[in-house]
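Okay, structure first, notes after.
The shown structure was predicted, so the numbers you read here are calculated from the model rather than taken from an experiment. The chains referred to below are lettered A, B, ... by the order of the sequence lines, with proteins before strands, and numbering in each begins at 1.
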Amino acid sequence: MTPTWLRWMPAVAVPAVIAAGVLAGSVPASARDPLPDKTPAQVLAMIAPHTTKALSGTVEQTSELGLPDVPQIGPTSGPAAGSIAELLTGPHTARVYVDGPAKVRVQIMDRMGERDAVRQGSEVWLYNSKDNTATHLTLPGNASGKEDRGSRMPGSVATPEQLAARMLEKVDASTDVAVREDVEVAGRAAYNLVVTPRSQATLVESVAVAVDGESGLPLSVEVRARGQQEPAFRTAFSSLKLEAPDASVFNFTPPPGATVKELALPSSGYAKRDLGKYGKGAAGSWKDEQGKLEKDRRPPAAAGRAPSVTGFGWETVVGFPARANSPAAGAPSVDMLLNDPLLRQATVAVPGGRAISTSLLNVLLTDDGRMFVGSVPLERLQAAAAR
Amino acid sequence: MSHSDQVSAPGAGTRTNPGREGSSPRQRPSSRSLLASELKQLFRRRRTQALLLALAAIPVMIAVVVRLSTAVPPGRGPAFLDRITQNGLFVGVTALIVAVPLFLPLTIGVVAGDTIAGEAGHGTLRYLLVAPAGRVRLLLVKYVGAVAFCVSAPLAVALAGAGIGAALFPVGPVTLLSGDVVEPGEALNRMLLIAAYQTVSLLGLSAIGLFLSTLTDVPVGAMAATIVLSVASQVMDQLPQLEWLHPWLFSHYWFGFADLLRQPIGWDSFTSNAMLQAGYIAVFGALAYGRFVSKDVLS
């Protein structure tokens, strides 16, 4: 008879082997040849001429912004899609397919659902599987020019590429830029470009961009906030193939039974009225996200008073005038923001109005309807409002 | 690691090569005949048939309710519920989604928890070992029996769903999550893939059930413990405080089969799930081995 302890050996050995395997797998492979040294400017230059090539990959995004989490429980098709805050909380995974600037497809893989954005030429389709709605828009003729709107349109889970370009615009005298030790993202060696604000008054501690050593494609973007261990925001390729995806990926026709909406793009390039109109409707999620993104991208210089800007560099505070003064409703109005259930929940009463505090961005909604936004402590927003 | 030649049943005395046809009646019954009799016994049981029938009743119930009620607003209820009226094949998918959190683990818990403890409870375990079958072989055969049930349970849901859906609703091209449309044949393929995904998902739970079943002579205890563990694992998967633990919970990828409904198919979750379940099979298989071969079989 085999002794008893021998019979329990497998039960001890198997977990040990698995643990050893997991540990071995988690140690980064250091055998890789180090990349040739480059200065920050050289790394930046690698990105600058980088145009959208063919690629297919998976992007994973995590945020720790201090916003309440959206619970995702049970077999339903996930959280209420109507919230713009949903994309800023919790993890998201998206598959990205790019074949030149005119062929782009982004699939945000939700639990039991998916949001798609497909661009082929000037045709753009947005599809949401939760409510089975498809939205079609035709880009203006010059859209295939330098600014690649098609790839931005779906940018709800922004690709590292888009984010990097946006972030690096901020590089100026107020900022320290350095190339740190190489990192490995999606199995590729990458330069680690770290941007650190010189100012102490901003909430941003550092922004790290991993730049692929071969192609110059930004592979990951990580934003750290002051006084927070976890990165406040991180988006990175988890897998990446630099080859053209199957052409059929870019073919999209709305499925039978889907609600199809036509979204007209006015010559000004903004469908603001449509934003408001559809904001609460079934198809609201996409529009809300776009509205949010457009707000991020360019403050509307439309009708009425332009937004006020105080401070510079990382300490910039942007103030939006009250809605009543800009009837064109160009600005993302306070009302619209407060209609978002998650955001309303996230606001807290502060002297002079209500505030949304995240680890990277503070928003102050004053009692008289103005809105102040900046990556600065709340006191600075209040000071700007009082000015 | 091969267990097969390490232990022989008490009273058997001689070691033989398992897996080979026994030529003389004095040798052990062949593994194949042992397996065949185990499967026959499993699927002839009223209880097993009732479990499969209950599972098949889920899509039937869903289909009948949807058929009799007014249109479901999109985005409410389980995923795809609103699509059923347009396409009957979605009945199977919706039913599979509904069955994942509780019904499937429940039935697997009953079958896997019964494997060894059931024989012990009936007082037949002793005779099985005297037969002589060998403990390791008996354990393997019992696990294969549980696996066979893991295969048949999701299949029962999927096929009953496809059948009742085709009977009550029109069948046509199916819209995937990505908005792409596939033909009914391809859709059926995807549904079978989802059933296969579910089978893989349940293998780890079966191994846990097998181990728990070796611990006790009371089958109900092992069944209940298995089911409770499956629920506990899903609850823990929802707690953000245990985020580090999530990838290690056997229920973590249970809903990952949505990736099979995308275009192109995402295989990542299938692979991760298979690896995780293989780990659970290895760990709890080894535990069950350790427990069962050193157990005093008295009943």
Most heavy-atom pairs under 4.5 angstrom with chain A, which of [options]?
options: B:Gly279, B:Ala288, B:Gly256, B:Pro264; answer: B:Pro264
options: B:Asp268, B:Val100, B:Thr175; answer: B:Thr175
options: B:Gly290, B:Pro173, B:Gly172, B:Gly266; answer: B:Gly290

Sort [X] into side chain, backbone, both or neither according to what part of it lies under 4.5 angstrom from a heavy atom of chain B.
X: A:Pro256; result: both
X: A:Thr259; result: neither
X: A:Asp246; result: neither

When rounded to the nearest 0.5 angstrom, what is the spacing between OH in B:Tyr280 and CG in B:Leu287?
12.0 Å
Any chance CE of B:Met236 has more than 12 other-residue heavy atoms, nucleotides or ligands included, within less than 6.0 Å?
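Check passes, neighbour count above 12.
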Heavy-atom neighbours of B:Phe103 CZ exceed 12 at 6.0 Å:
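It does not: B:Phe103 CZ has 12 such atoms or fewer within range.
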Side chain, backbone, both or neither: which part of B:Val181 has a heavy atom under 4.5 Å from chain A?
side chain
Where does B:Phe257 contact chain A at under 4.5 Å (heavy atoms): side chain, backbone, both or neither?
side chain
Candidate pair A:Arg105 and B:Asp180, rule salt bridge (charged side-chain N to carboxylate O under 4.0 Å, His left out), full reasoning
CA-CA 12 Å; A:Arg105 178 163 193 162; B:Asp180 297 74; 2.9 Å; yes
Between A:Gln107 and A:Met109 (side chain of the first, backbone of the second, donor and acceptor by atom type, cut-off under 3.5 Å), is there such a pair?
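Flag not set: sc A:Gln107 to bb A:Met109 has no pair under 3.5 Å.
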Tell me, please, whether B:Phe211 has B:Arg291 positioned over its six-membered ring: NZ or CZ under 6.0 Å from the ring centre and within 45 degrees of its axis?
no
